[in-house]
Structure formats: C-alpha cells, structure tokens
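Reviewing the structure listed below.
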Amino acid sequence: MKLEKLVGERFKERPADCVIDSHAIMVKGGYIKYMANGIYSSYLPLRRIVRKIEQILREEMDKIDGQEVQFPVVMPASLWDESGRYDSIGDELLRFTDRNNAKMVLGMTHEEAAVHLVREYAQSYTKYPFMIYQIQTKFRDEARPRAGLIRVREFTMKDAYSFHTSQEDLEQYYQRVHKAYERIFERAGIPEVVSVASDSGMMGGSLSHEFMLLTPIGEDSIVLCDDCGYKANMEAAENISDIPRAAESAELEKVHTPNIHTIEDICEFFGDKTNNSCKAVVYQKNSDDSYVVVFIRGDLEINETKLVNYLGDQIHAAVITEECGLNAGYIGPVGLHINAPHVVLYDKSLEGRNNLSCGANEEEYHFKGLDMERDVKARDIGDVNYVDVAKIYAGAVCPSCGKPVITIQKGIEVGNIFQLGTKYTKSMKMTYVDKDGERQTPIMGCYGIGVGRLAAAVCEAHHDEYGPIWPKEIAPWQVHLCAVRPDNEEVKAFADDLYEKMQNAGIEVIYDRTVSAGVMFADADLLGIPLRVIVSPRNMKQGIVEVTSRDKTLKEQVPVENVFEEIQKYL
C-alpha cells in the first residue's frame, strides 16, 4: 500500500471534543469520521484492524464447534412479541413501520432471530448440542453515546448462541467459551482483561460474566478483592454488612427535630454516625406508578439495577403527594401508612440492627433507639422483607472471603457471556423430543464481543502520547517503510526494491510518501505499525538501514544486504 493513496487525513492537534485517548487517536489518526451522534464512518486502517479481529473471532469460535450464520439487521416486531421483549425493552430498541404498515425493529441483539432460525431444525435430541454465531451490524439507540467507539449506536458485534438439552451440558460449554474468550483477548493484544461475575440485565438468565479491561476511563465499576481474587461488576456484587447488633437496645424515643430532613443532619443532631441510621428511599414503578419504599442503612446507596431485578419492573424517582400518605423527609418504618398501592423493602444492612435513628412519619419528628427486631412489625408494613439492594463500596466486606478489603476500579466491557436458560426457547415455543419421546424445552447460552469496541479498547490500553502501539496480530500493516529524501536516487531505488520484495513475500507493508521527515514520523506514530524501516541518504552511505519497533523495544542498524531477512525474522 502506498501511503500517498491512503484516503483520510491525519492531524497534528488533538480534537477538542475527544475526552478519552483512543477516541482522540482514532479521529486524529484517520481511522474514523463522525457522522451522527454515536455513528461513525471508518477508514481503511480501522477496516484492516477490524478484519483481523474478526478473523481471530472466527478461528476461536470455529475451534469450539461454532457454525457461522447471518441474521437480518431488520426483523419483524412479531418475533420480539413472541419473546415479550418488544414492550419490555425501552427506547434503546429502534422500532419503525414499513410501507406495508408492518411493525419492524432494528436488531440490537439477535436471540429471537437465533431461535427462529433453528426451532424447526432442532426438534430431536439427536441434533443437540450446537452453537451458531454471526458477525453482524447492530443498532442500539443509546441515550448517551460517548468515547468514540467505546459506546456507539451502530456497531459490529460477534454474537453466538448455543443450544443444549441439559444445564450440565450448558455449563460445560460455557467454560469452553470462557477459555476461548481468554484466547481471543490475548491474541488481540490485551491479555490483562479480567472476567467478572455480572448482572444479566435485559438478556435474562441465571449466570453471566463480563470481560473487562481495567482502565480509569471505563464507564463500568468493577468490584475486586486482591486477597481472594473475587471479581464482579457493581450490579452483581452482594453488599455484606459487618456492623454487629449492640449488646443492649435503647428505648424507642420520639424526638422533636425541627427543620431537619437529611440523614446527615439528623445524625449530626443526635451526635451519631450515618451507619447507625435507617433512611427511606422512595421510587415508583414505571408500569403502574405504585410506590416502592426502600429502607436502607443511612450511609449506603441503593443499587437500582438490583432493585429493578428484584421488582421485575423499571422504576423512577417518586413524586410524593399529600394523597399518598408519605411524609417526605420523615419517612420511617414504625407507624408507616401509605394510602396507595405499594411495596416496602428492607435492605439486608438493617437486618438485626438496633439503636438506629429514623423518621417518625410525622412532620418535624424522628425516632432514636430503633430496634429492627423489636419495633418493625409486620402489622405496620406488611411482610418484613430483607433483600440485598445496596451498592457495594470500597472497603466493604468481600462476599467471597469475608474480609473488609473490597476495592472499586473502572473498566471497559469488551465481551460478555450469559447462561440464558429457557427464557427465549420457552417463550417462543421451541421444543424437542427427548430419547423417551417426551417434549422438552432446550436451554440456551449466548456470547458477545463488540468488534469496534475491542479495537478501541486495545488502542486505549496500548498507546503513548504520539499515537497507538498496535499489537502485531491486529495492526493494520506489519511494516511502515519510510524513505527519507526519496528524491535521492539511491534511497528511492533501494526502498522501491525492498517494497517489492516485501509485497511479493506477503508482508503487509505501507510505503510512505514524499514529505518531510518530521511529518513522516508523526504519521508513522499515528498509524502505530509494529515495525518501522527507515531508508535515508545518511544510512545508505553507511550501508545500513534503521529498523525500529513502535513500542521502542527494538532499534537496530541492519546492513542493507540483511535487512529483508531481519524483517522476516522479526515478524
């Protein structure tokens, strides 16, 4: 490839609207061009990187008996009606009506299409197990696209779907996929990716893992324990309370607390810590606007994903009216009365606790000395229901080893795997006949990797102030041939001959054009190609060629007669 023919410009200055480095590098280096919010066109360097990532994906999926298929981008809404997701998924699913007045959707994921493809084929147990996968364009109407290719609306994804006749078989295959994913990220150049237990979200299922590249620019919070190796995302990590019950319980006392509404103010008023208080957080369900009152330890936050998963309904912050019976700023569990349909939940951080402060459900009054076992009665609130809906925090107790050493780091999700169970096969009436002649419902797993996001994550993990440092396996080219002063006949003749030799040998090489050395090397840094070969008049006089690596681990002066062999040896 002659660089002078390469479409796309490279820029000296960092784009002002690019917050993270990988986004800035890809815009500045001529990899992508903004078209609309969360939608980008890509130039040849990125296309070459993406093709190599896709080849790695195909090879690793084929190794675990995957069969490549392709689903449509556009699907009828009736398929999503079958699974129940047409109405349950929010605005991320792009819905439209075609010219025949048929409801359609743009695929943001393809579980429904996978079941549709194989449910007539796989009607006998003899067909199982099997896995199908695709590499396909998807569209998710993200509310807040950000960070270039890290979070977009239109994207390419490898998604795979496996079908099984038993949970044991699914679990065995799940581990095979897990190992395949580890190989994929190692081959792509980011072996430091970690696997964390995760929340299944809208995908459903009983078990899932996310593969996270730990980086300060990540948008996901990862819970880690260095002592035992526990890893989970924030939504899946159980919060363990380590505050014991006091030996003696104080009497429940109502105290006049004028002009005090916040948990911090009431604890200061009582001269106590916020972890010795019980606060109320109120939501309403999206489906019917009924109230959800959650009581939690005063120093903790609600993990809304946990709460949504428990309720099976989306929620929003409550609008507390006079008619509902709640007294904003003074809500507590003793004497609580709500004049509307409601759910009352207690976070596990309150279970067994005593000597707490809380609202008294009366203007300008709070209780102190609250004993959860003594004072919170089922006749006041309905069933006393303790659930884990708290957000874990740095320094919290590890759910695995029980030590208070939890740390929180940021990460970019580069892949995920789910044990879906029968969520889609059952709702879409996919069945097979087992060896005893009985009808059964197959069990599914699904496995995804975003291709563009993976490329951006590699760039984020491996770059310097000048540009990306692409790993050899996915670099757009393997060699960047720089002919400094190609107007010099000796330089041009040698560089031209070397270029032809590399091309004939199947070496991926990009041959730079006639520009100043400063511009040439700046562009070479932005292209991030592993090996740089520099031919110059001074080098020619000495009978050498300079060979350097983009990661600065190699810098050699090679005799001109040996340079081709040295390039082959390095690659």
Side-chain angles (χ1 to χ4, degrees), residues 20-23 25-26 46 49-50 52-61 63-64 66 133 135 147-152 155-160 174-201 203 207-226 228-237 400 406-419 445-464 468-475 528 551:
I20 70 167
D21 290 337
S22 60
H23 186 195
I25 286 168
M26 287 193 165
L46 181 59
I49 292 168
V50 162
K52 291 179 179 182
I53 291 174
E54 290 177 352
Q55 184 59 29
I56 292 172
L57 294 171
R58 287 188 170 95
E59 290 172 5
E60 294 298 339
M61 291 299 99
K63 281 181 186 177
I64 56 173
Y133 74 93
I135 299 174
L149 300 184
I150 298 296
R151 181 170 289 278
V152 290
F155 54 97
T156 299
M157 189 169 185
K158 186 283 301 175
D159 49 328
Y174 189 85
Q175 292 305 317
R176 290 183 68 191
V177 178
H178 195 287
K179 287 182 170 58
Y181 270 40
E182 291 173 343
R183 294 194 299 269
I184 287 166
F185 299 125
E186 183 172 2
R187 290 181 62 183
I190 46 174
E192 61 268 37
V193 165
V194 299
S195 164
V196 304
S198 66
D199 166 66
S200 298
M203 304 299 292
L207 180 65
S208 61
H209 286 81
E210 292 172 345
F211 292 81
M212 308 295 298
L213 176 66
L214 300 181
T215 168
I217 65 93
E219 56 187 1
D220 293 302
S221 294
I222 312 304
V223 179
L224 303 169
C225 175
D226 292 335
C228 72
Y230 174 81
K231 304 179 187 73
N233 71 11
M234 185 70 77
E235 287 71 28
S400 178
I406 285 294
T407 60
I408 310 292
Q409 293 190 40
K410 292 293 186 180
I412 298 171
E413 180 192 338
V414 291
N416 51 53
I417 56 179
F418 299 87
Q419 292 187 22
C446 79
Y447 321 93
I449 290 178
V451 180
R453 179 183 283 197
L454 179 53
V458 174
C459 181
E460 193 64 42
H462 300 290
H463 71 274
D464 59 19
I469 305 172
W470 295 112
K472 281 192 289 187
E473 187 139 8
I474 68 168
D551 64 5

Would you call Lys179-Glu182 a salt bridge at under 4.0 Å N-O? no

In Å, rounded to the nearest 0.5 Å, how long is the span from [atom1] of [X] to [atom2] of [Y]?
{"X": "Ile217", "Y": "Glu460", "atom1": "CD1", "atom2": "CD", "value": "4.0 Å"}
{"X": "Ile449", "Y": "Ile184", "atom1": "CD1", "atom2": "CD1", "value": "4.0 Å"}
{"X": "Ile222", "Y": "Ile412", "atom1": "CD1", "atom2": "CD1", "value": "10.5 Å"}
{"X": "Ile417", "Y": "His209", "atom1": "CD1", "atom2": "NE2", "value": "6.5 Å"}
{"X": "Ile190", "Y": "Leu454", "atom1": "CD1", "atom2": "CG", "value": "5.0 Å"}
{"X": "Glu192", "Y": "Met212", "atom1": "CD", "atom2": "CE", "value": "13.0 Å"}

Hey, what's the ring geometry for His178 with Phe211, parallel, tilted or perpendicular (30° and 60° as the breaks)? tilted

Any side-chain heavy atom of Ile474 sitting closer than 4.5 Å to one from Ile56? yes

Walk me through it: do Arg183 and Glu186 pass the test salt bridge (Lys or Arg N to Asp or Glu O under 4.0 Å)? CA-CA 5 Å; Arg183 294 194 299 269; Glu186 183 172 2; over 6 Å; no

Which pair of heavy atoms, one from [X] and one from [Y], lies closest together, and at what distance?
{"X": "Lys231", "Y": "Val196", "result": "CB-CG1, 3.5 Å"}
{"X": "Pro471", "Y": "Ala188", "result": "CG-O, 3.5 Å"}
{"X": "Ile64", "Y": "Ala180", "result": "CD1-CB, 4.1 Å"}
{"X": "Ala147", "Y": "Ile20", "result": "CB-CD1, 3.4 Å"}
{"X": "Ala160", "Y": "Met61", "result": "CB-SD, 4.4 Å"}
{"X": "Pro468", "Y": "His463", "result": "CA-CB, 3.9 Å"}

Do side-chain atoms of Tyr133 reach the backbone of Gly448 as a donor and acceptor pair under 3.5 angstrom? no

Side-chain donor or acceptor of His462 paired with backbone N/O of Gly189 under 3.5 Å: yes

Determine whether Lys158 and Tyr447 satisfy the following criterion, side chain to side chain contact (heavy atoms under 4.5 Å, CB included), listing intermediate values before the conclusion. CA-CA 8 Å; Lys158 186 283 301 175; Tyr447 321 93; 4.0 Å; yes

For Val458 and Val414: C-alpha separation, side-chain torsions, deciding distance, then whether side chain to side chain contact (heavy atoms under 4.5 Å, CB included) applies. CA-CA 10 Å; Val458 174; Val414 291; over 6 Å; no

Step-by-step side-chain hydrogen bond (donor to acceptor under 3.5 Å, both in side chains) determination, Lys410 to Thr215: CA-CA 6 Å; Lys410 292 293 186 180; Thr215 168; over 6 Å; no

Verdict with reasoning, Thr156 to Glu54, per side chain to side chain contact (heavy atoms under 4.5 Å, CB included): CA-CA 10 Å; Thr156 299; Glu54 290 177 352; 3.8 Å; yes

Carefully, step by step, assess Leu149 and Arg453 under the rule side chain to side chain contact (heavy atoms under 4.5 Å, CB included). CA-CA 5 Å; Leu149 300 184; Arg453 179 183 283 197; 5.8 Å; no

